[in-house]
Structure formats: C-alpha cells, structure tokens
Novice: 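What follows is a single structure, and I will ask about it in a moment.
Given the structure is predicted, the values throughout are model-derived calculations rather than measurements. Naming convention: chains lettered A, B, ... in sequence-line order (proteins, then strands); numbering from 1 in each chain.
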Amino acid sequence: MPAITLPDGSVRNYPGSVTGTTIAASIGPGLARAAIAMVLDGALTDLTHEIDHDAHVRFITRENEESLPLIRHDAAHVMAEAVQALYPGTQVTIGPAIEDGFYYDFYRDQPFSADDLPAIEAKMREIVAGDVPFTREVWSRDQAISFFATRGEKFKVQLIRDLPDSEEITVYRQGKWLDLCRGPHLRSTGDVGNAFKLMKVAGAFWRGDHRNPMLSRIYGTAWRNNKELEAHLNRLEEAERRDHRKLGRQMDLFHVQEEAVGCVFWHEKGWRLYRTIENYIRRRQQQFGYSEVRTPQLVDRTLWEKSGHWQNYREHMFIAEVEHEDKVLAVKPMNCPCHVQIFKHGLRSYRELPIRMAEFGACHRFEPSGALHGIMRTRAFTQDDAHIFCTEEQIVSETVTFVEMLQLIYSDFGFNDFSVKFSDRPTLRAGSDDVWDQAETALKLACAEAGVEYVINPGEGAFYGPKLEFVLRDAIGRDWQCGTFQVDFVLPERLDASYITADSRRARPVMLHRAVVGSFERFIGILIEHCAGRLPVWLAPTQVAVASIVTDANEYGETVVATLKDAGLSAIGDMRNEKIGAKIRDLSLALIPYILVVGRREAHEHSVSIRRLGNDTQTTMSLSDVVEILKADAKAPDMHS
RNA sequence: GCUGUCAUAGCUCAGGGGUAGAGCACCUCAUUGGUAAUGAGGAGGUCGAGGGUUCAAUUCCCUCUGACAGCACCA
C-alpha cells in the first residue's frame, strides 16, 4: 500500500506497487500527458519505475528546466541508433548530456566527417517521429557482456567489466535498438522533440586518456523547443562576432604569424592597451604594498632542477645553449624560483614579512600546438605575477587582502561576476602529506575568513600546493579562469629560503603565489570579447577622433586634435577628402568611443559636435567643455579622487 | 601531441588540369559634403612550402608548415 506524497503535501494511497505513469494519470489527464519523468525521493527516475513503498514524488514536465538533460541524453541515444543504422559496424561507447546539448563517441575505422551529419540528423528525426517507447531492463553482468561481445562492441564490454559489482546493470531499449545505460529516460523517442541540431564532429580519446584510441565524437545541441534552439544558435553567432582574433585584426591591435608560433606581435594600438592595463595594475599593486622586481629570462637548469620544474615540466621548457660554454639554460617558464633568489639574497628578518614581490614576468612555455588559441593561450606571455613571502600566521590576512584587491581590479574592468574553485592535492606532487594537510587547511581557513565561497576541484592543485582559481564570467555568460592564489610550503624548502625569527632562529617562510589577471595576453583577449571590442574610454587605444566636414575646417580640426592630445587624450584626426557620413561610418567601425565633428560653423564658434559610439545623436559644445568631459571619462578607475 | 577540416590579393571570399576573379581596403583624379558607404580610373597574387603524376599543376597525389574545431595538456 504505497502512500505517495506530492509536492503540495497531499498524500495518495495506491493498492499495490504503482508507476509514475499511473500516479500521473490518477491525478489528471493533463499531467498524464505532460509528465515525462519524475523525481522519486529526490532522484530523477523513469515514469515507468515501479514504486512499492511510501515515497515522495514530483513530476517533471517539458516546462521544467530539469527536462533538458533528459532530452539531451535521449537525443544521444537516438543519434547512436541512427548512426548504427546508417553505418553498420560502428561501435558505440558513451553518450552523455552536456551543457547546451549532447555528444556520442563512436569507434569506426573511418572517422565521421561533417558531411555525414545531415544524413544522421535526418535519420534521427525519423526515429523521433516513430515515437517508440524507451523501456528499461535489468540484465545480469554475464548476459550483458555476452550480448555486447557477440555484437563486437568491445568498448561496451569494457565499460560493463569496469562497473563496480554493486552496480545494477541496466539497458534501455528503443524499438529494436538498445544501449547499456544507467538512465533515466523520457517516455519515448518522440519526447526528444525536434529542437535539436548536430553541430560538429571531433576526435576524443577513449576515457579521456591520450594513450587510448581516438574515437569519433559527434556533438549536437538539443532544447525544449525551437525558440530555445534559435536563441542558442544566436548566442554562438554572437560569440563568433566577438572573437578576439577577429576584433584584434579589425582594431589593428596585434597579429600572430608562422615564424613565431604562439607569440604575439603587438601593434601600436594593442600595445597601448596593454600598457594602460599594466600601468593600472602597477598602481594597484603599489597601493596594496607590493614591490616590483625584474628577473632574468635565461636561468641555468640547476635552479629548475632544485625547484622541481625540470623534473615535472622539462618537455614544456624552451632550452638555450651556447656554443662555447657547457651550460644548459632554460627560458623561464615561471617566475617563482627567481623571486626566491631575490628573497634569499641577504638575511631576511621576520620584521620584513610579509614581502610582496611582484613582477610583470615574461614567461615562455612550449604549449602543445593544439592548445594554442589566438592570444588567449600562447607560448610567450606575461603574468601579473607576485609571490608573498610570509609566516603561517599571515596566510589568512594575506588571503583576505588579496581577494579584496582582486575584486576591486575585476570590477574596475567591468567584471562583477566571478566564482572560485579550490584545487586540492594532485596525484603527482612534491611535499609530504603532512605539509599538504597544513597547506589545504590554512587555505580553507583563509577562504572562510575572506568570505570566499568555492567549489572543490579535486586533484587539480599545483605540484607544490593547493590553489584557488578565480573564474570570471563575461558579458555573454562564458567563464574564464584568470586569477590564481596558491599556498606553497614546498618551494621555500626546496630552494632553502629562510628568515630570522624574533628569537633568532631560522624559519621557513610560506610562499603565496598569486596573479589577478593571470596572463596579460589572455586577459586582453577576454576583455575584448567581453565588451565586443567597445572598450571603455580609459582603455580604448584611440579615445577620440576628430572628423572634418569640409577642407575649410581641416585646420581647425588639427588644432582640436592637438588640444586633445595636450590634455592627455589619445586622439586622431580624420581630414580625408570624404563625406562626413563615410567618416562617421569608418570611425564607428573602428570602435572609437568619441567622434568630434567639425565644420565651418564649429571652426567659427570654436566648438565641436560630439557623438558617442553606439549613439546616433550628437550635441554641439564648446571645445573647452568637451576636453573636460573627455578627460574625466578617460580617467582610469583608480584615478578618480 | 591526437582526430578532422582548411590554406587563392592587406581583409572577406569565388574559381578550377591549359599562367587567376569579386567586394572592401589601398593609390590617382573629379567632387567640398552636416553625422554609418560620392563617382570614375589605377595598382596589387610564385594560388602556404617542398616533392610527385602529367605535354601542362594554383587545381590531382604525397610530405611538411601553419590555422581552425574538438580531445588531451595548462607549473
């Protein structure tokens, strides 16, 4: 006699075991039609699941966002059936729902190409139109293994073998096709609906391990209705429009070329943007008690051996050798060991701590070719790196202050939304478990004190310590990891850094590795995409353009440009023999925040007509007023008194 | 690095076994105009590099380099 409690608190009794389908039907025909799955005692479950005990049940309908992963997972099954129908001999592996959609990994001698997608998609729509029910079956392990083995599904067999003994082995059948699957699923293939689209094919390693065979993965996107699908496709187009590589070219900020793979050629405008950001960070660091240093690019391998980087990252380091000297130098891949050298130079007293040592450190890392991405992931980059040498007692307060600084900087760049990941000890690491316990505990305590909420990122810490990763969210909802904060008890030990305590003994400092923007290259890429190239005035490489209407106004136009430059603004003149409409268009496409138009009237009145980017209205003002307005608008956020 | 796709003018792209084409940008001339494209003319390419097949290769084949998407990697 199961008693079923519904979300509104009402309880219904059923004579024997009962399915969700029956319960929904007993509540009403509307719900019977709409319910596509249920949450049974907190767990998402098939509607056909038999309930033989008292339970809480909540029904999921298409209106509910929780239906999305189900729709996507079902779409993956439908795709797998379609693929096996069209390409016999293809082996199936796994096909989960993911953010925005789903994928399925197949094994096939000939990987799929984009040309195969229309046929697969058409077959999928057939299967959806067939509207055949999904049915769940529990199989024995042997039954499942022999079934998939006879079909030559080697990957499935391996999956089943690796399932823990406690795990019930279930398959889901849809018509003649079936797949090993934990479920749950919707009622039938028809519930997938038609708001899906196959997006791309890609290679993916079996079980995510590069030593394993490569599978052929097909990605799809799936939604509850066509409106959602359209919105998603529009978001993708918007992201493409914002691509920093495209905008970087259009705005003439930088380029990359074959002779310096993964390295950025900064053009004048891009470099101006870079320097504006660097100077801003420098001022913030000063404000927060950092001192700036500069360390060598080429450092003997012995130092990297001591730090452990040679053992851990040798294959990612650029090496320099000279003909007449028997030395191997590494182009520095990071700054920490160098900063320790400065710390070690001379005796340090506890009175000096914390020492906050900052460097705009240019680093080189041999990143795998497939990892490179515009200026976001490069082989040569510069970090806003700093290392805080402090006592254990100072970890908490230093963390709190760092988070405060990071928040301030992010919001100055227009990022007000960020999240934090806590990465704990990795499998390959230096330092004893005691030291790791100590470091992780200290960092957690510091987070609590700073009011930082985080999600755990298991096993993703650096080899020398746990870290916090600060992930910011951009204007179109994409996440980017920028800031980092790492507690390190290992490197000071390895590199033998010490200070003199109040009672004249030697003690090890703790080293806090930290960066706010991370790599300047990457951050600038993110910034460009965040604001779609329409940089705030203080960052814009060209802040204002002066356009003349007639040649008679050119001379006055030039004096306006000169006045703006004298006021410290980055100004250009456009005195070309073009119509004003064409100039407005060109200067707008160049994403210059302000356009000042001058004609005979303005020249005579000593005024300008001012127009803000993205706004098609204009007002005429005296030149002196405009200069004051622009000066105020062009001030860096930390320069407002 | 792996799988796949791609590489033609500064940019965006078309073409195709018989020495290359458009639009924009650029240069020249005319035009002096009031807020997102004035008109006409001109110049610009070893068709990514190397090899092969062929009477002939930018086009077909192979190798390399680079780019793009995904995977793997990211101290």
Side-chain angles (χ1 to χ4, degrees), chain A residues 103 105 110-116 199-219 243 245-246 249-250 252 255-262 304 307-317 332-337 363 365-374 376-379 381 383 426 428-430 460-465 467 469 481 484 486 488 491 513 518-519 522 547-554 577-590 595-602 609-611 613-618 620:
Chain A
Y103 67 78
D105 285 346
Q110 169 84 39
F112 291 106
S113 89
D115 300 339
D116 299 324
M199 302 299 284
K200 57 195 168 200
V201 294
F205 295 109
W206 165 237
R207 299 196 148 169
D209 189 325
H210 66 276
R211 290 163 301 195
N212 287 341
M214 182 146 269
L215 307 169
S216 184
R217 174 175 295 182
I218 302 177
Y219 281 97
D243 192 308
R245 292 165 298 189
K246 191 172 160 177
R249 197 182 313 112
Q250 272 170 24
D252 193 20
H255 83 271
V256 290
Q257 69 183 53
E258 233 178 282
E259 289 78 1
V261 173
W304 306 108
S307 70
H309 290 97
W310 190 268
Q311 296 84 320
N312 284 299
Y313 295 104
R314 168 66 187 86
E315 70 275 26
H316 296 294
M317 288 163 77
K332 74 172 170 187
M334 53 169 10
N335 309 297
C336 3
C363 297
R365 295 179 185 173
F366 187 78
E367 302 288 4
S369 56
L372 302 174
H373 180 81
M376 300 272 215
R377 185 87 182 269
T378 56
R379 286 180 177 162
F381 58 92
Q383 297 168 305
L428 284 176
R429 58 180 180 261
E460 294 295 322
F463 75 86
Y464 48 70
K467 62 182 178 185
E469 286 165 343
Q481 192 204 307
T484 185
Q486 307 164 7
D488 178 6
L491 276 186
H513 307 240
S519 126
R522 182 177 154 80
S548 59
I549 295 169
V550 291
T551 39
D552 287 356
N554 284 2
N577 179 7
E578 287 291 347
K579 288 191 169 177
I580 191 61
K583 294 188 185 184
I584 295 290
R585 179 181 149 84
D586 290 348
L587 298 169
S588 299
L589 288 173
I595 301 173
L596 307 185
V597 173
V598 294
R600 289 200 187 93
R601 200 164 63 220
E602 287 80 4
S609 165
I610 181 170
R611 175 188 168 117
L613 178 63
N615 195 335
D616 59 5
T617 61
Q618 64 266 186
T620 302

Novice: What integer number of Å spans the C1' atoms of C47(B) and A22(B)?
Specialist: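 To the nearest whole Å, 16 Å.
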
Novice: How far does the P atom of C64(B) sit from the matching atom of G21(B), given to the nearest Å?
Specialist: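 Roughly 34 Å separates the two P atoms.
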
Novice: Distance check, C1' atoms only: C13(B) and G17(B), in whole angstrom units.
Specialist: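 The answer is 23 Å between these two C1' atoms.
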
Novice: Quick one, give me the B/S/- string for nucleotides 33-44 of chain B, reading 5' to 3', where B means a protein heavy atom under 4.0 Å from the base and S means that only happens at the primed atoms, P, OP1 or OP2.
Specialist: BBBBBB------

Novice: With sequence neighbours left out, what residues match Asp616(A) under salt bridge (Lys or Arg N to Asp or Glu O under 4.0 Å)?
Specialist: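 Counting only residues at least two positions away or on another chain, Asp616(A) forms no salt bridge (Lys or Arg N to Asp or Glu O under 4.0 Å).
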
Novice: Checking His255(A) now: which residues fulfil ring-ring contact (aromatic ring centres under 6.0 Å, His included) with it, not counting sequence neighbours?
Specialist: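 Residues passing ring-ring contact (aromatic ring centres under 6.0 Å, His included) with His255(A): Phe265(A), His267(A).
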
Novice: Could you pull out all residues at least two apart from Glu578(A) that satisfy side-chain contact (heavy atoms from CB on, under 4.5 Å)?
Specialist: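 Here the qualifying residues are Arg576(A), Ala582(A), Lys583(A).
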
Novice: Taking G1(B) as the reference, what is the distance to U38(B) when you measure between their P atoms (whole Å, please)?
Specialist: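 Approximately 48 Å lies between the P atom of U38(B) and that of G1(B).
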
Novice: Any side-chain heavy-atom pair from Phe381(A) and Arg365(A) closer than 4.5 angstrom?
Specialist: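 When only atoms from C-beta onward are counted, Arg365(A) and Phe381(A) do touch, with a gap below 4.5 Å.
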
Novice: Just checking, any donor-acceptor pair under 3.5 angstrom between side chains of Gln486(A) and Thr484(A)?
Specialist: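 Distance-only check passes for Gln486(A) and Thr484(A).
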
Novice: side-chain contact (heavy atoms from CB on, under 4.5 Å) with Arg207(A): which residues, sequence neighbours excluded?
Specialist: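 Only Gln158(A), Leu159(A), Asp162(A), Asn212(A) meet the side-chain contact (heavy atoms from CB on, under 4.5 Å) criterion with Arg207(A).
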
Novice: U5(B) and C61(B): how far apart are their P atoms, nearest whole angstrom?
Specialist: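 Looking at atom P only, U5(B) and C61(B) are 12 Å apart.
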
Novice: For RNA chain B, produce a single dot-bracket line, 5' to 3'. Pairs: Watson-Crick or G-U wobble, both distances under 3.5 Å. Symbols: ( ) within strand, [ ] crossing, | other strand, . unpaired.
Specialist: (((((((..((((....[..)))).(((((.......))))).....(((((..]....))))))))))))....

Novice: Just jot down the ring-ring contact (aromatic ring centres under 6.0 Å, His included) partners of Phe112(A), sequence neighbours excluded, or say none.
Specialist: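 By the ring-ring contact (aromatic ring centres under 6.0 Å, His included) rule, Phe112(A) matches Tyr87(A), Phe106(A).
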
Novice: What string of B, S and - do you get for nucleotides 59-75 of chain B 5' to 3' if you count protein non-hydrogen atoms under 4.0 Å?
Specialist: ------SSSSSBBBBBB

Novice: Measuring only the P atom in each nucleotide, how far is A25(B) from U12(B)? A whole number of Å is fine.
Specialist: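 So the two P atoms sit 15 Å from each other.
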
Novice: Starting at atom CG of Asn554(A), determine the distance to atom P of U32(B), rounded to an integer number of angstrom.
Specialist: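 After rounding, the reported distance stands at 14 Å.
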
Novice: Distance check, P atoms only: U63(B) and G70(B), in whole angstrom units.
Specialist: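 Looking at atom P only, U63(B) and G70(B) are 26 Å apart.
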
Novice: Listed by chain and number, what are the ring-ring contact (aromatic ring centres under 6.0 Å, His included) partners of Tyr103(A), not counting sequence neighbours?
Specialist: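 Listed in chain order: Tyr219(A).
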
Novice: Take atom C1' in A75(B) and the same atom in C6(B), then report the distance between them in whole Å.
Specialist: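 My reading of the C1' atoms in A75(B) and C6(B) gives 33 Å.
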
Novice: Please list, chain by chain and in numerical order, all residues satisfying side-chain contact (heavy atoms from CB on, under 4.5 Å) with Ile610(A), sequence neighbours excluded.
Specialist: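 For Ile610(A), the residues satisfying side-chain contact (heavy atoms from CB on, under 4.5 Å) (neighbours in sequence not counted) are Tyr594(A), Leu596(A), Thr619(A), Met621(A), Val626(A), Leu630(A).
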
Novice: Among residues at least two apart in sequence or on other chains, which ones pass side chain to side chain donor-acceptor pair (under 3.5 Å) with Arg585(A)?
Specialist: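 Residues passing side chain to side chain donor-acceptor pair (under 3.5 Å) with Arg585(A): none at all.
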
Novice: Using the test side-chain contact (heavy atoms from CB on, under 4.5 Å), find all partners of Ala590(A) that sit at least two apart in sequence or belong to another chain.
Specialist: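 Partners of Ala590(A) under the side-chain contact (heavy atoms from CB on, under 4.5 Å) test: Ile592(A).
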
